[in-house]
Amino acid sequence: MSETNPAAAEVAAPHRYTAAVAAEIEARWQDFWDVEGTYAAPNPKGDLAGDPELAARPKKFIMDMFPYPSGAGLHVGHPLGYIATDVFARYQRMTGHNVLHTLGFDAFGLPAEQYAVQTGTHPRVSTEANIENMKVQLRKLGLGHDKRRSFATIDPDYYKWTQWIFLQIFNSWYDDEARKARPIAELVAQFESGERALPGGGSWSALSATDRADVLGEYRLAYASDAPVNWCPGLGTVLANEEVTADGRSERGNFPVFKAKLRQWNMRITAYADRLLDDLNELDWPEAIKLQQRNWIGRSEGARVDFPIDGENITVFTTRPDTLFGASYMVLAPEHPLVDKFTPDAWPEGTHDVWTGGHATPADAVTAYRAQAASKSDVERQAEAKDKTGVFTGSYATNPVNGDRVPVFIADYVLMGYGTGAIMAVPAGDQRDFEFARAFELPIRCIVEPTDGRGTDTSTWDEAFTSYDAKIINSSNDDISLDGLPVAEAKARITEWLARKGIGEGTVNFRLRDWLFSRQRYWGEPFPIVYDEDGIAHALPESMLPLELPEVEDYSPRTFDPDDADTQPETPLSRNAEWMNVTLDLGDGPKRYRRETNTMPNWAGSCWYELRYLDPHNSEELVDPEVERYWMGPREGQPHGGVDLYVGGAEHAVLHLLYARFWSKVLYDLGHVSSVEPFHKLFNQGMIQAFVYRDSRGFAVPATEVEERDGAYYHQGEKVSRLLGKMGKSLKNAVTPESICAEYGADTLRLYEMAMGPLDVSRPWDTRAVVGQFRLLQRLWRNVVDEATGEVTVVGTEPGEDTLRALHKAIDGVRQDLEGMRFNTAIAKVTELNNHLTKVGGPVSRSVAEALVLLVAPLAPHIAEELWRKLGHTGSVVHQDFPVADPAYVVDEAVTCVVQIKGKVKARLEVPPAISEEELEKVALGDEKVVAALAGAPIRKVIVRAPKLVNIVT
Ligand code: ANZ
């Protein structure tokens with residue numbers, strides 16, 4: 001590379017902007033910024049209180065999704081978002097805002113632990129080393145972070161507060177009437193006074209300590225439960241639903257995941273389902289992300305309906321109560337608790353052969369079918385293409401609207417974790433029911449009039465008729481008729497009828513499940529929970545926080561054969577008896593306790609980190625309320641408050657962003673923060689992709705060793721294939737920011753990444769193209785500095801009209817582009833202005849040069865600082881005012897251009913006076929009237945006299 005590197009080749013001019021000059025400038029200014037604390041965000045209590053001018057400025061809290069300090073370090077794809085927020089933050093600083101911008105590290109969790117296990121070093125040692133390495137890498141990019149506010153989630157004085165928040169959540173319950181979380185003590189008071197009845201009846205004072213703990217466990221927002229969880233033997237830990245892929249495997253590692261009953265901690269995020277949904281409306285987020293959250297929360301409006309059976313009821317959840325007259329059988333999830341009860345000893349008279357699965361008794365059939373269902377993930381069970389399977393339980397229930405006897409089946413397409421775990425099956429209106437009914441020869445009643453011309457004879461149908469846009473038929477009894485009603489009306493009418501008759505009620509169901517919150521890992525926050533001798537969980541008092549992660553010899557997780565579902569997790573912390581078994585005084589004298597040995601999931605630390613940036617050294621409270629209000633509080637246009645800009649990858653759509661929103665709401669309800677939402681505006685940056693070269697065996701070969709010849713690619717003489725893919729070590733195509741900084745400097749790297757395309761679009765990295773931005777900086781430099789002498793060349797005379805127009809148009813455009821985060825087009829405008837100055841030639845007016853430097857400052861801060869200094873200023877450019885365009889020079893006076901074809905005027909165009917010949921020709925030939933007049937005739941010649949005349953000869 002070095003022979004063709006202009007930075008090396010052009011050293012002839014001693015004061016040219018070269019890689020060496022860039023390196024020297026950049027290192028010097030990075031030191032300067034650190035020493036001066038240039039990026040220190042003002043503190044509302046100290047700095048702003050004493051400075052009314054500063055206090056009057058609007059604020060901008062600008063954040064990136066913080067990185068995992070992985071062992072591989074950063075490649076050029078990682079900082080794309082960091083550079084973008086940095087440019088934006090710099091622009092905001094220069095336009096009169098108090099800006100808070102910093103970056104911490106998300107350092108607990110599986111990747112760090114796996115890396116530690118691989119390398120045989122303690123996760124703290126390897127993680128801290130990785131953080132240091134990343135800091136060095138990031139510093140080179142010239143990011144304007146307030147470093148006083150940086151931290152890692154593994155710092156005990158950070159996770160002290162993660163544990164503290166856990167305890168707030170543990171010590172609160174959701175009051176459905178008030179629609180908010182309240183302290184659990186207030187619930188206890190209600191039980192004590194009798195204001196609220198105990199769910200099981202009786203009086204609070206008569207309950208044992210264990211019973212009380214059990215009752216409260218049903219209310220607490222953080223609670224332990226024995227519900228079935230996602231157990232991943234290959235990782236040796238349980239996982240949250242959000243961490244399981246659509247095909248039932250672990251998102252990390254791609255191992256099988258099984259349902260297992262294990263006592264685990266959960267967060268009652270479901271209590272917030274409706275608020276998490278409603279509050280999305282006020283957020284400035286990409287629609288795609290909002291949609292993913294809405295789908296994940298999955299609100300369905302429908303009804304619960306009771307089907308009588310042997311003096312009891314089976315309650316179903318349906319979104320289509322209007323189809324009740326078409327319910328011809330029922331299905332329970334195989335795990336439904338009522339199945340055993342309604343499995344008689346023998347098959348009833350006349351049981352259809354296909355219903356029995358070939359088993360002698362219903363019990364045999366049920367047992368065999370359950371075993372089969374248990375080996376499948378929920379996703380496999382619900383797969384659309386799958387053949388419908390199931391068995392008859394041997395019992396019949398009654399359809400409450402028409403008295404029909406409906407057989408009760410168990411089938412795996414019905415899940416225990418959704419609705420009531422039981423359905424009424426309407427084969428005419430639901431495709432899964434239709435397929436099941438065909439397989440098991442069950443009646444299919446037409447209760448919705450098809451609108452697609454297929455007719456009402458269901459024996460001729462190939463599929464269910466699932467449309468909502470139709471009328472109900474064949475649906476009446478002595479008391480109610482739905483016939484002729486459209487679906488929505490029929491739904492409302494039948495729901496009202498069911499409620500009046502006491503056999504059902506309207507209800508809203510959510511797909512969202514509670515958040516499984518414990519992991520059987522070492523590298524996470526310990527739970528601030530201990531168990532007494534009766535197994536009752538107690539919160540540690542705040543004075544015992546942080547509960548530090550103990551140093552252990554063996555921190556590796558116990559993993560198992562990935563396919564062995566019958567394994568049990570083992571927590572690394574339980575191997576440390578001394579840490580686990582303790583004597584503590586929790587207020588009632590010293591007693592023996594056992595610590596919780598699970599750790600929190602890696603999402604915990606990122607659920608509240610925005611708050612810590614605000615008040616990073618507070619050891620007394622989570623965050624000072626005044627400070628929180630200043631940076632995060634509600635404002636006009638941001639009714640829920642939150643960070644002003646949050647940039648990160650789209651892959652966190654539901655996991656991190658949903659969890660963080662949930663914690664935010666709990667903290668808000670309990671009065672700890674004034675913002676209901678953590679992130680007001682979200683922006684997803686695209687990915688930097690890279691070419692992956694593979695040999696004939698499909699193995700990636702190092703991208704730097706590939707040669708191109710006649711459009712084909714070769715590695716050591718062998719032809720290789722080329723495809724666009726991810727950048728990374730494993731694909732042998734990673735480019736490090738250091739290598740680009742060494743070759744051109746960080747300012748060039750920053751410009752290149754921002755110029756590659758719109759920020760939200762993925763783009764291929766092309767090292768050969770980086771030089772283009774380097775040349776731009778060289779021209780910029782040349783417009784201010786004499787390359788031969790190093791003297792500043794600017795003059796005091798005013799610029800000409802043309803230059804003023806070019807300047808003010810650039811200022812106007814760059815302002816709009818930076819505000820709108822269109823960094824690529826902002827760079828194009830700077831380039832245009834710079835080229836204009838080069839073309840005009842001669843020394844540049846000081847006023848123009850200074851404005852140009854200020855325009856460049858957010859994008860390429862080091863060179864801007866240096867030129868600003870050379871232009872005679874003493875301070876930093878960082879807090880200068882961004883130039884303001886003079887509108888008089890921005891408006892284009894348009895000129896009328898006449899277009900002639902063979903001398904006859906065919907069109908008149910309004911064009912800018914400065915339009916180039918080429919541009920004008922393009923515009924003229926593309927004009928509708930001209931195209932029509934040409935009617936496809938071949939063009940012999942185009943004569944252009946910009947800006948007034950175009951003559952086309954055909
Ligand atoms: C009768 C019916 C008729 C249904 C019809 C649909 C169409 P969403 O929209 O996702 O909420 N269902 C209910 N609980 C279920 C469970 N535990 N496992 C599998 N399926 C379940 O879906 C709700 C619909 O899915 C419910 O409405 C029920 O089928 C089914 F023409 O009831 B429906």
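When a ligand or atom number is given, it counts from 1 through the structure's own listing order. For this chain, numbers begin at 1 and follow the sequence in order.
Shown here is K471, whose NZ atom has no more than 12 heavy atoms of other residues, nucleotides or ligands within 6.0 Å. Atom CZ of R182 is surrounded by more than 12 heavy atoms from other residues, nucleotides or ligands within 6.0 Å.
Relative orientation of the F440 and F409 rings is perpendicular, given thresholds of 30° and 60° on the angle between their planes. Aromatic ring pairs are classed by plane angle as parallel below 30°, tilted from 30° to 60° and perpendicular above 60°; the pair F436 and Y329 is parallel. A parallel orientation is assigned to the rings of W515 and Y659, their planes being inclined by less than 30° (bins at 30° and 60°).
Within 4.0 Å of ligand 1, protein heavy atoms belong to S300, F317, T318, T319, R320, T323, Q382, Y413, V414, L415, Y418, G421, I423, M424, V426, G429, D430, R432, listed by chain and number.
Contacts of E596 classified as side-chain contact (heavy atoms from CB on, under 4.5 Å), with partners at least two apart in sequence or in another chain: W265, F527, I529, Y531, N598.
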